[in-house]
Number of protein chains: 2
Amino acid sequence: MYRLTNSLPYMLNRVGVRMGDLFSRRIAGYGVTLPMYRVMAALWEKGDQRLGDLAGMTTIEISTLSRLIGEMKRRGLVTRTRLKDNARTVAINLTPKGRTLVEELIPIAVHFEEVAVRNFPSKNVSDLKTVLAEIYESLNSIEPEIEEVNKARKAAKSKA
Amino acid sequence: MYRLTNSLPYMLNRVGVRMGDLFSRRIAGYGVTLPMYRVMAALWEKGDQRLGDLAGMTTIEISTLSRLIGEMKRRGLVTRTRLKDNARTVAINLTPKGRTLVEELIPIAVHFEEVAVRNFPSKNVSDLKTVLAEIYESLNSIEPEIEEVNKARKAAKSKA
DNA sequence: ACTTGTCATTTGCAAATGCAATTATTGTTC
DNA sequence: GAACAATAATTGCATTTGCAAATGACAAGT
């Protein structure tokens with residue numbers, strides 16, 4: 001029998017929201033929001049990114065991200081420069097100030113995660129991560145299937 | 001070495017957002033948003049809930065939920081009635097219309113989940129769920145610890 | 001070279017969100 | 001039992017969000 005509270009999207013969302021919320025509060029004192037942290041950590045991991053790539057990497061919608069980068073630029077955390085050779089794209093990077101800040105926050109993130117999963121065998125946690133990554137990948141392949149159903153519905157509807 | 005893309009909150013958020021997004025589009029044709037579905041499925045699982053309980057069950061912020069319930073009531077999906085014996089609380093329930101709709105959507109949710117994880121041994125999936133539930137529980141116990149750190153920071157700050 | 005098309009990003013605008021303050025009811029204490 | 005505290009839900013308001021339209025820049029076809 002179906003139960004929402006036992007369905008995967010629900011469980012993922014619930015833990016994700018809760019963890020995000022806790023970590024968010026943990027770093028609030030540094031004047032940084034969670035999306036900002038994600039952007040900085042993403043740039044720290046891989047700099048010189050275009051807006052679209054960063055959006056993909058952080059799962060932040062692109063127009064939201066555009067504005068967020070604007071704000072972070074005003075705060076001196078990142079740079080946003082049009083490329084000379086291809087001026088319709090933009091390269092986003094950490095400033096030294098942004099780098100210093102994110103390198104202060106990363107140990108906090110590490111510690112946070114340690115605390116969050118300290119009651120679990122590390123094998124379980126690494127298995128969990130593996131499965132999460134695999135499911136994420138596999139979602140890309142089911143997307144067309146989902147869209148198909150929608151199209152079928154729409155077609156049937158417009159016919160009716 | 002730390003990588004955002006290998007950190008648990010990030011991975012959870014990413015898969016959760018993606019799954020929610022796909023399912024959201026899947027049910028959009030029924031005129032229902034994902035939060036609405038969650039509310040209906042939660043009420044289907046356990047009716048006669050108070051606002052605060054529903055908020056806890058769905059991880060929807062309470063004021064957002066209050067307005068959402070208002071909208072759903074206007075659409076005839078739920079009822080919201082003040083209790084006679086304790087008139088500061090409210091009991092929320094599905095209407096027959098809401099029940100019919102959610103019972104139409106649940107098989108879609110079941111199928112969606114089947115598709116999403118069909119490449120994985122069911123053992124892995126059930127393990128995953130178990131760990132997710134346990135981590136969620138354990139987060140409650142670390143919350144005070146997190147808050148402690150914040151308080152400590154604030155205290156140190158106001159002293160300085 | 002000029003129109004047409006496509007890609008990457010930004011912006012306008014309406015809707016959704018969340019914190020804080022408010023309202024309404026119940027519980028407690030003196 | 002009057003004043004005060006606590007609980008539950010709602011609402012005001014400023015911020016954030018996301019879709020769709022607009023902008024700006026390169027690419028291709030004629």
Side-chain angles (χ1 to χ4, degrees), chain A residues 13-14 16-18 20-25 27-29 31-39 42-43 48-75 78-93 147 150, chain B residues 13 16-18 20-25 28-29 31-39 42-43 48-75 78-93 147 150:
Chain A
N13 178 72
R14 195 176 63 145
V17 167
R18 191 93 170 77
D21 186 55
L22 284 173
F23 183 64
S24 193
R25 274 143 68 185
I27 63 176
V32 175
T33 64
L34 181 57
M36 283 182 188
Y37 170 74
R38 292 230 164 100
V39 167
L43 288 173
D48 219 44
Q49 295 205 60
R50 306 186 315 176
L51 194 68
D53 299 334
L54 249 189
M57 192 165 171
T58 56
T59 331
I60 298 173
E61 203 273 336
I62 200 163
S63 65
T64 301
L65 185 61
S66 177
R67 279 180 271 244
L68 179 60
I69 297 294
E71 172 62 23
M72 292 174 75
K73 180 173 179 167
R74 290 203 296 100
R75 295 197 192 181
V78 299
T79 59
R80 172 169 51 180
T81 39
R82 295 266 169 193
L83 300 184
K84 289 141 208 124
D85 55 328
N86 182 354
R88 70 185 155 183
T89 72
V90 86
I92 300 162
N93 277 288
E147 298 299 327
N150 276 332
Chain B
N13 179 71
V17 168
R18 190 92 171 78
D21 186 54
L22 285 174
F23 183 64
S24 195
R25 275 144 65 187
V32 175
T33 65
L34 180 56
M36 282 182 188
Y37 170 74
R38 291 230 165 99
V39 167
L43 287 174
D48 218 45
Q49 295 205 61
R50 305 187 315 176
L51 193 68
D53 299 334
L54 249 190
M57 191 165 170
T58 57
T59 334
I60 299 173
E61 203 273 337
I62 200 164
S63 65
T64 302
L65 184 61
S66 176
R67 278 180 272 244
L68 179 61
I69 296 294
E71 171 62 23
M72 292 174 75
K73 179 174 178 165
R74 289 204 297 101
R75 296 196 192 181
V78 299
T79 58
R80 171 171 52 183
T81 38
R82 294 268 172 193
L83 300 185
K84 289 144 208 117
D85 54 329
N86 182 353
R88 69 184 158 184
T89 73
V90 86
I92 301 162
N93 277 288
E147 297 301 326
N150 277 332

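Below, chain A is the first sequence line, B the second, and so on; all start at residue 1.
Relative to the side chain of Ser63(B), the nucleotides dT25(C), dC19(D), dT11(D) differ in distance, and dT11(D) lies closest. Distance from the side chain of Arg82(A) is smallest to dT9(C) among dT9(C), dT10(D), dT6(C). Counting only heavy atoms from C-beta on, Arg67(A) has its side chain closest to dC13(C) among dC7(C), dT25(C), dC13(C). Which of dT9(C), dC19(D), dG18(C) sits closest to the side chain of Glu61(A) comes down to dC19(D). Distance from the side chain of Arg88(B) is smallest to dG27(C) among dC19(C), dG27(C), dT9(C).
A close approach under 4.0 Å does occur between a side-chain nitrogen or oxygen of Arg50(B) and OP1 or OP2 of dA8(D). For the pair Arg80(B) and dA9(D), the criterion of a side-chain N or O lying under 4.0 Å from OP1 or OP2 is not met. Note on Thr64(B): a side-chain N or O is less than 4.0 Å away from OP1 or OP2 of dG18(C).
Residue Asp21(B) is out of contact with every strand shown, counting any heavy-atom pair closer than 4.0 Å. Note on Thr89(B): only backbone sugar-phosphate atoms sit closer than 4.0 angstrom, heavy atoms only; bases stay farther off.
Rounded to whole Å, atom P of dT15(D) lies 16 Å from atom CG of Leu68(A). To the nearest angstrom, C1' of dC7(C) lies 11 Å from CD1 of Ile62(A). Atom CG of Leu34(B) is separated from atom C1' of dA16(C) by 14 Å (rounded to the nearest Å).
Between Val39(A) and Ile60(A) the shortest side-chain heavy-atom distance falls below 4.5 Å. Looking only at side-chain heavy atoms (C-beta outward), Thr58(A) and Pro35(A) stay at 4.5 Å or farther from each other.
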request  = Walk me through it: do Arg80(B) and Met72(B) pass the test side-chain contact (heavy atoms from CB on, under 4.5 Å)?
outcome  = CA-CA 10 Å; Arg80(B) 171 171 52 183; Met72(B) 292 174 75; over 6 Å; no
